[in-house]
Enquirer: 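For reference, the structure I am asking about is given below.
The figures here come from the full heavy-atom set of this structure, side chains too, leaving out hydrogens, waters and symmetry mates.
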Amino acid sequence: MIRVLVVEDDFRVAQVHAEFTDRVRGFRTVGIAHSAAEARDLIAEHRPELVLLDNYLPDGPGIALLAELDIDTIMLTAASDPASVRAALAAGALNYLVKPFTAHQLKDRLTAYAHYRSRLPATDGTVDQEEIDRAMRSLREGDRPGSPKGQSSITTKLITDALRAAAAPRSASEVADELGIARATAQRYLAGLAQDGKVTMTLRYGASGRPEHQYELDG
């Protein structure tokens with residue numbers, strides 16, 4: 001089981017990221033930190049194998065914290081400027097995922113990270129160049145674009161048209177009700193469109209306080 005620390009200043013977003021992580025087989029969230037100082041304390045307490053790190057923290061940039069860490073780290077942040085990406089990679093980030101993102105996108109990257117760990121285990125001994133190359137390629141497995149298998153182009157067009165006609169972002173439930181399809185089906189297609197960059201996913205907070213994904217067509 002890979003122990004994960006989520007570092008995110010927004011309490012609700014942090015909980016969503018932890019829930020996304022805990023759905024992935026082989027991963028378990030052991031703590032949530034809302035600042036760099038809290039992250040340092042939780043790292044010392046729990047010794048996680050992986051940190052999911054936001055760059056915008058109240059007591060300093062996450063990239064500055066990243067430079068201190070000797071723990072594998074994936075950036076989960078809204079910072080999308082090239083300088084931030086380069087700085088994070090230079091500081092040691094293994095991957096970089098721009099918010100907002102879907103549970104599927106995070107799962108892909110966590111699964112790729114698990115493959116990377118399995119190819120470079122924390123044991124004594126040596127590895128040859130071919131094994132190193134395979135491990136490095138593993139980290140990029142989750143970055144490959146592509147639509148989920150088994151999706152109908154007709155259903156995709158119906159959902160795309162519904163988003164285009166909407167005056168505001170729509171949830172999977174709203175799209176499903178409008179088109180007369182199952183909510184799970186609408187969610188699957190919307191997640192695929194978000195993964196392909198064709199729609200934008202954001203979070204809507206309702207009266208219950210539990211966030212719901214909502215989608216709108218890009219452009």
Side-chain angles (χ1 to χ4, degrees), residues 1-118 120-122 138-139 142-143 194 200-206 208-214:
M1 187 67 68
I2 297 173
R3 301 186 307 276
V4 180
L5 175 68
V6 174
V7 184
E8 162 65 54
D9 71 317
D10 187 301
F11 284 74
R12 290 174 173 175
V13 174
Q15 189 58 47
V16 170
H17 291 175
E19 291 175 1
F20 282 180
T21 299
D22 290 338
R23 294 179 200 169
V24 182
R25 179 178 299 178
F27 289 82
R28 178 170 62 90
T29 302
V30 296
I32 296 176
H34 303 294
S35 68
E38 189 178 1
R40 295 184 186 98
D41 291 341
L42 291 178
I43 287 170
E45 178 181 354
H46 296 292
R47 297 306 301 172
E49 286 98 6
L50 178 65
V51 174
L52 302 181
L53 179 61
D54 183 22
N55 192 40
Y56 298 118
L57 301 176
D59 53 349
I63 293 174
L65 173 63
L66 170 62
E68 303 174 15
L69 301 182
D70 60 354
I71 303 170
D72 290 344
T73 301
I74 296 175
M75 297 295 296
L76 306 182
T77 179
S80 58
D81 58 288
S84 292
V85 177
R86 288 196 304 270
L89 296 177
L94 293 180
N95 211 321
Y96 198 105
L97 186 57
V98 176
K99 296 187 292 188
F101 50 81
T102 66
H104 181 73
Q105 287 173 303
L106 180 57
K107 178 183 177 181
D108 282 348
R109 282 155 178 80
L110 292 179
T111 301
Y113 171 72
H115 292 163
Y116 162 80
R117 279 181 62 92
S118 71
L120 290 179
S138 295
L139 285 172
D143 303 348
T200 298
M201 185 198 76
T202 54
L203 293 175
R204 175 194 300 170
Y205 297 100
S208 66
R210 185 175 181 84
E212 181 180 31
H213 293 148
Q214 59 181 11

Enquirer: Given V7, which partner from the list L53, L66, L52 fulfils the side-chain contact (heavy atoms from CB on, under 4.5 Å) test?
Expert: L53
Enquirer: Which atoms form the tightest heavy-atom contact between I43 and V51, and what is the distance?
Expert: CD1-CG2, 4.4 Å
Enquirer: Apply side chain to side chain contact (heavy atoms under 4.5 Å, CB included) to L50 and I71, showing your working.
Expert: CA-CA 6 Å; L50 178 65; I71 303 170; 5.6 Å; no
Enquirer: Is the shortest heavy-atom distance from the side chain of L42 to the side chain of E38 under 4.5 Å?
Expert: yes
Enquirer: Looking at K99 and E8, is there a salt bridge between them, counting it only when a charged N and a carboxylate O are closer than 4.0 Å?
Expert: yes
Enquirer: How many angstroms lie between OG1 in T202 and CD in E212, if you round to the nearest 0.5 Å?
Expert: 10.5 Å
Enquirer: Working to the nearest 0.5 Å, report the span between CD1 of I74 and CG of L110.
Expert: 5.5 Å
Enquirer: Return the minimal non-hydrogen interatomic distance between I63 and S84, and the atom names on each side.
Expert: CD1-O, 3.5 Å
Enquirer: Once you round to the nearest 0.5 Å, how far does OG of S35 lie from CG of L65?
Expert: 9.5 Å
Enquirer: For T200, what residues pass the side-chain hydrogen bond (donor to acceptor under 3.5 Å, both in side chains) criterion, not counting sequence neighbours?
Expert: D218
Enquirer: Which value, rounded to the nearest 0.5 Å, describes the distance between I2 atom CD1 and F27 atom CZ?
Expert: 3.5 Å
Enquirer: How close do F101 and M201 get, counting heavy atoms only, and between which atoms?
Expert: O-CE, 2.6 Å
Enquirer: I'd like to know whether L76 forms a side chain to side chain contact (heavy atoms under 4.5 Å, CB included) with Y96, so could you lay out the CA-CA distance, the side-chain angles of the two residues, the decisive distance to 0.1 Å, and finally the verdict.
Expert: CA-CA 6 Å; L76 306 182; Y96 198 105; over 6 Å; no
Enquirer: Measure from the side-chain N and O atoms of T77 to the backbone N and O of A79, and report whether any donor-acceptor pair falls under 3.5 Å.
Expert: yes
Enquirer: Can you tell me how far CZ of R23 sits from NE2 of H104, rounded to the nearest 0.5 angstrom?
Expert: 13.0 Å
Enquirer: What heavy-atom pair brings Q214 and L203 nearest, and what distance separates the two atoms?
Expert: NE2-O, 4.2 Å
Enquirer: For the pair R28 (side chain) and V4 (backbone), establish whether a donor and an acceptor sit closer than 3.5 Å, ignoring hydrogens and angles.
Expert: no
Enquirer: Quick one: closest heavy-atom pair of G62 and L57, and the distance?
Expert: CA-CD1, 4.0 Å
Enquirer: What distance do E19 atom CD and T29 atom OG1 have between them, rounded to the nearest 0.5 Å?
Expert: 9.5 Å
Enquirer: What are the two closest non-hydrogen atoms of T102 and F20, and how far apart are they?
Expert: C-CE1, 3.9 Å
Enquirer: Before you tell me yes or no, could you show the steps for M75 and N55 under side chain to side chain contact (heavy atoms under 4.5 Å, CB included), namely the whole-Å CA-CA distance, both residues' side-chain angles and the distance that decides it to 0.1 Å?
Expert: CA-CA 7 Å; M75 297 295 296; N55 192 40; 3.9 Å; yes
Enquirer: Could you list the residues that satisfy side-chain hydrogen bond (donor to acceptor under 3.5 Å, both in side chains) with T73, not counting sequence neighbours?
Expert: none
Enquirer: Ignoring hydrogens and angles, state whether a donor on the side chain of R117 or Y113 is under 3.5 Å from an acceptor on the partner side chain.
Expert: yes
Enquirer: Determine, step by step, whether E45 and D41 satisfy the side chain to side chain contact (heavy atoms under 4.5 Å, CB included) criterion, reporting the C-alpha distance in whole Å, the side-chain angles of both residues, the deciding distance to 0.1 Å, and the verdict.
Expert: CA-CA 6 Å; E45 178 181 354; D41 291 341; over 6 Å; no
Enquirer: Counting only N and O atoms by type, is there a donor-acceptor contact under 3.5 Å from the side chain of E49 to the main-chain atoms of R3?
Expert: yes
